[in-house]
Amino acid sequence: MSALDLSRWQFGITTVYHFLFVPITLGTSFLVAIMQTMWVRTGDSSWLRLTKFFGKIFLINFAMGVVTGIVQEFQFGMNWSDYSRFVGDIFGAPLAVEGLLAFFLESTFLGMWIFGWDRLPKKLHLASIWLAAIGTTLSAYFILAANAFMQHPVGFHINPVTHRAEMDDFLRLLTQNTAVIAYLHTMSAAFLLSGTLIAAVSAFHMVRGSNSSIFRKTLKLGAVVTLVAGAAVGWTGDADSKIMVTQQPMKMAAAEALYHTESNAGFSLFTVGTLDGSQSVLDVKVPNLLSFLATGDMNGEVKGINNLETEYTSTYAGTGLKGADFAPNIPITYWMFRLMIGLGMIAVLWALWLLWMIRGGREPKGKLVYRSAVWMTFAPLFGISAGWIFTEMGRQPWIVFGQMLTAQGVSPVITSFDVLVSMVIFTLLYGVLAVIEMGLLIKTVKQGLPEASDVKVVEGNQPLTFAY
Amino acid sequence: MSYESLQTIWFILIAVLWVGYFVLEGFDFGVGILLRTIGKTEAERRALVTTLGPLWDGNEVWLLVAGGATFAAFPEWYATLFSGFYLPLFLILFGLIIRGVAFEYRSKHGDAVWRQRWDWAILIGSFLPSLLWGVAFANLVRGTEVVQQANTGFLYTGGFWALLNPFALLGGLVTLSLFMTHGAIFVSLKTDGDIRYRARELAVKIGLVAAVLAVVFLLWAQVAYSNNSWTWATVLLAAVCWLGGIAMVRAGREGWSFTLSALTLALAVISLFGMLYPNLMPNIDRSLIGLTIHNGSSSETTLKIMTVVAVVMTPIVLLYQGWTYWIFRKRITAAQIPNPEAGILDGVH
């Protein structure tokens, strides 16, 4: 394999892996902050115990997000240096701002929250988790604005001498609809996942009968968050696909395996394509639904893959690419799109079912609740991964849509050997860390609620209430 | 403000970020390397990790911001340096990953083997970046095989082994020994009991070795590779501060000692950046064109916007990060660690 292919694999592996932890952080930080707020406002110690319990799960996850995030900041330059040269003027800015505005905030105040239980006044300590949560969501905004530039570059011009992108309008970059909708979609998906996680852990304990009355609070909180977030995911996803149709029609066509332009396109539920990928041989469709979803009109025109290939071949003649080279990998985009939607919907339906199971003070019972609670978190977790694989694979062959091909972005000096070494070691290391992290999470979850110990300020050389 | 002065300002700002990074993460690297040397019992080791607990992640953000700022302000530098120094940077990332996880996970279980393994991760994960940052910076100052190509910008073509030249390896030993000393001084300042005194002794011993290495290295750099003569002043000042820091820790004045070792690291970074200026990646053969702040920078628009952001945000960050250090200013003793042999997940917390 070439350094290009290996670099793509490495970016895929490290980024999908990093983004297993990020959405949990994005949602759970706020949910833990809400639990602690409930404790501070009501004085009910069960909220304190819940805060500490879910706080532990949050932190085990957060550590993995932090360390895998460092790789992200560096690998643009390491593996994609020609891309970095081309876009640095405009793409580097949101990354720098993200660090300065968001990373400092989340790391500093999270440190303060972890170790500050017995050193800070109650309200100041509460403020620290809120500030950390705000830091995480700010970080999401800036990195998604940077990603939106790759999907739909705006606010720049190409310098005719250096042939590089240069910034015209930073605010345009930060406020374009692609960025705003990607942020809302990502945040609502993060809440869907985090709500599911908290509901699942709570349901697990309720079935086991440990602290059932306390876990009822977080089961409700988690399930309601999942439902509300599920609705938000649907709404933002719909808005996002309408934007995608105008900005990246090929991605939409690939998502639907729609080969020919249609003005009353159906939504494909299932399809099998020919081996050369230019035709579909079997396709089960809901009539007119795709036209409606993509354009808001039952008879709206949705462009097909083959038609777009012809169009792109003349528009982007300078790239030397022709025909099928302009289409992404159809089976992957098609199935990842469906996996994303399907897995998200499973979690929403499950949350609805859970709320039904506990209606009117009932106790959830039975193996089905128990088993589904153990496994359900993986549905939205992998749904989010599928969504990102769809978004990024669906943009191919572009690294910056319409401006630069992925093949042009790779570092010219790195060898296959270099990338093979780093990719294999990252993959092995990430695999080992995943096993260790799961072990810690399972142990923490099984242990259940901690006893509520009084929170007081340590004087002189008293034992610390918390130490690493 | 002219384009040229904006480029200089960003060169200075990136130097400031590296000063922040070396001064702050420098000590947590040092503590990480000396964890099992200073901490003889489990309670002592946990006291050491606890001194870093609330701080290490915030310290590391200085590196992330330095990386991001380099990307934004000098994309050509970011691209050429990071792809050129691929394997050393990969090793640094590997180290940073294992040590970060290790800090967070080591005390979760009480199992001695579990903790021992994480302590190794902390040691290796602190050792690799401590050594390799020095190697990387020394190579920048010395000059490397950078080639300018039509339209693609600069490429580093020297390969991995060329980076391991004697001057660069000495540079690596310098940062390694400086960070170890800085970490030992930090321990003497932030703890009490046996570990405090053990750290003091180590700070003096390693500090003297570091002094010799650093003086040889900086003089070599100044004489052979420096672009500017004013860096003589910062080099000499760094040496004075370092010796003062060692004398202070020996005399038990730990606060002064830490201040001086932090100043030394700051002066060392300033010296290295000063020796480079206005180059970013000079060619090893100075008659050939290299990467400078002028041919490697972003557009004027980007630099202007980023300057506003940096000027507003940096003081705020310094304020609240400084406040954390103030909140966690108390010394920690091994006796304060509750149930040191038990895992956090096994306790009541």
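Here the structure is a predicted model, which means the values were calculated and not measured. In the text below, chain A, chain B and the rest are named by the order of the sequence lines, each starting its count at 1.
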Distance (rounded to the nearest 0.5 Å) between B/Asn59 CG and A/Thr108 OG1: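 Going from the CG atom of B/Asn59 to the OG1 atom of A/Thr108 covers 9.0 Å.
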Euclidean distance, B/Asn295 CG relative to A/Thr162 OG1, rounded to 0.5 Å: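 A/Thr162 atom OG1 to B/Asn295 atom CG measures 12.0 Å (nearest 0.5 Å).
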Close side-chain approach of [X] to [Y], heavy-atom, < 4.5 Å:
| X | Y | result |
| --- | --- | --- |
| B/Tyr320 | A/Leu105 | yes |
| B/Leu64 | A/Ile70 | yes |
| A/Met112 | B/Phe328 | yes |
| A/Met167 | B/Met306 | no |
| A/Asp168 | B/Thr301 | no |
| A/Leu101 | B/Met313 | yes |

Selection from [options] maximising heavy-atom pairs under 4.5 Å formed with chain B:
| options | answer |
| --- | --- |
| A/Ala93, A/Gly69, A/Ala63 | A/Ala93 |
| A/Ile60, A/Val71, A/Val97, A/Leu59 | A/Ile60 |
| A/Ile414, A/Leu95, A/Thr68 | A/Ile414 |

What pair of heavy atoms forms the shortest contact from [X] to [Y], and how long is it?
| X | Y | answer |
| --- | --- | --- |
| B/Val61 | A/Gly99 | CG1-O, 4.0 Å |
| A/Gly88 | B/Pro75 | CA-CB, 3.7 Å |
| B/Ile344 | A/Ala467 | CD1-O, 3.4 Å |
| A/Pro412 | B/Leu155 | CG-CD2, 3.4 Å |

Treating B/Thr302 as the side-chain partner and A/Asp89 as the backbone partner, does any N or O pair qualify as donor plus acceptor under 3.5 Å?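 Looks like yes, one N/O pair under 3.5 Å.
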Would you find a donor on one side and an acceptor on the other, under 3.5 Å apart, between the side chain of A/Arg85 and the backbone of B/Phe154?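 Indeed, once roles are kept as given, a pair shorter than 3.5 Å links the two residues.
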Carefully, step by step, assess B/Leu93 and A/Met78 under the rule side chain to side chain contact (heavy atoms under 4.5 Å, CB included). CA-CA 11 Å; B/Leu93 290 177; A/Met78 290 169 70; 3.8 Å; yes
At a heavy-atom distance under 4.5 Å, which candidate from [options] has the highest pair count against chain A?
| options | result |
| --- | --- |
| B/Val49, B/Val309, B/Val317, B/Ile337 | B/Val317 |
| B/Ala72, B/Pro54, B/Gly68, B/Ala47 | B/Pro54 |
| B/Thr314, B/Thr80, B/Leu52 | B/Thr80 |
| B/Arg45, B/Gln321, B/Arg46, B/Arg99 | B/Arg46 |

Given that the side chain runs from C-beta out, which part of [X] has a heavy atom under 4.5 Å from chain B: side chain, backbone, both or neither?
| X | value |
| --- | --- |
| A/Phe62 | side chain |
| A/Val413 | side chain |
| A/Leu124 | side chain |

Where does [X] contact chain A at under 4.5 Å (heavy atoms): side chain, backbone, both or neither?
| X | value |
| --- | --- |
| B/Leu87 | side chain |
| B/Ile332 | side chain |
| B/Thr51 | neither |
| B/Leu91 | neither |
| B/Glu300 | neither |

With ring-ring contact (aromatic ring centres under 6.0 Å, His included) as the test, would you mind laying out the steps for A/Phe76 and B/Tyr78 before giving the verdict? CA-CA 9 Å; A/Phe76 293 112; B/Tyr78 175 75; 7.6 Å; no
Take the angle between the ring planes of A/Phe426 and B/Phe90 and call it parallel below 30°, perpendicular above 60°, tilted in between.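 Perpendicular, since the angle between the ring planes exceeds 60°.
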Measure the acute angle between the ring planes of A/Phe104 and B/Trp62, then classify it against the limits of 30° and 60° as parallel, tilted or perpendicular.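 A/Phe104 vs B/Trp62 ring planes: perpendicular.
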Evaluate side chain to side chain contact (heavy atoms under 4.5 Å, CB included) for A/Phe74 paired with B/Leu63, printing each intermediate quantity in order. CA-CA 10 Å; A/Phe74 279 54; B/Leu63 171 66; 3.9 Å; yes
With sequence neighbours left out, what residues match A/Tyr468 under ring-ring contact (aromatic ring centres under 6.0 Å, His included)?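 Expected list: A/Phe115, A/Phe466.
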ring-ring contact (aromatic ring centres under 6.0 Å, His included) partners of A/Tyr141, counting only residues at least two apart: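 ring-ring contact (aromatic ring centres under 6.0 Å, His included) check on A/Tyr141 returns A/Tyr183.
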I would like to know whether A/Ser422 and B/Tyr86 meet side chain to side chain contact (heavy atoms under 4.5 Å, CB included); could you show each step before the answer? CA-CA 9 Å; A/Ser422 60; B/Tyr86 188 89; 2.6 Å; yes
B/Phe160 atom CZ: more than 12 heavy-atom contacts under 6.0 Å: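 Yes, enclosed.
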Do any of residues 100-107 of chain B come closer than 4.5 Å to chain A, heavy atom to heavy atom, and if so which ones, in number order?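 If one takes a 4.5 Å heavy-atom cut-off, the residues of residues 100-107 of chain B near chain A are B/Gly100, B/Val101, B/Phe103, B/Glu104, B/Tyr105, B/Ser107.
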Test log, rule side chain to side chain contact (heavy atoms under 4.5 Å, CB included), inputs B/Phe71 and A/Ser84: CA-CA 7 Å; B/Phe71 198 174; A/Ser84 304; 3.6 Å; yes
Could you tabulate the donor-acceptor pairs under 3.5 Å formed by side-chain atoms of residues 429-444 of chain A, not counting sequence neighbours?
| unit_1 | atom_1 | unit_2 | atom_2 | d |
| --- | --- | --- | --- | --- |
| A/Lys443 | NZ | B/His109 | ND1 | 3.1 |
| A/Lys443 | NZ | B/Asp346 | OD1 | 2.7 |
| A/Thr444 | OG1 | A/Leu440 | O | 2.6 |

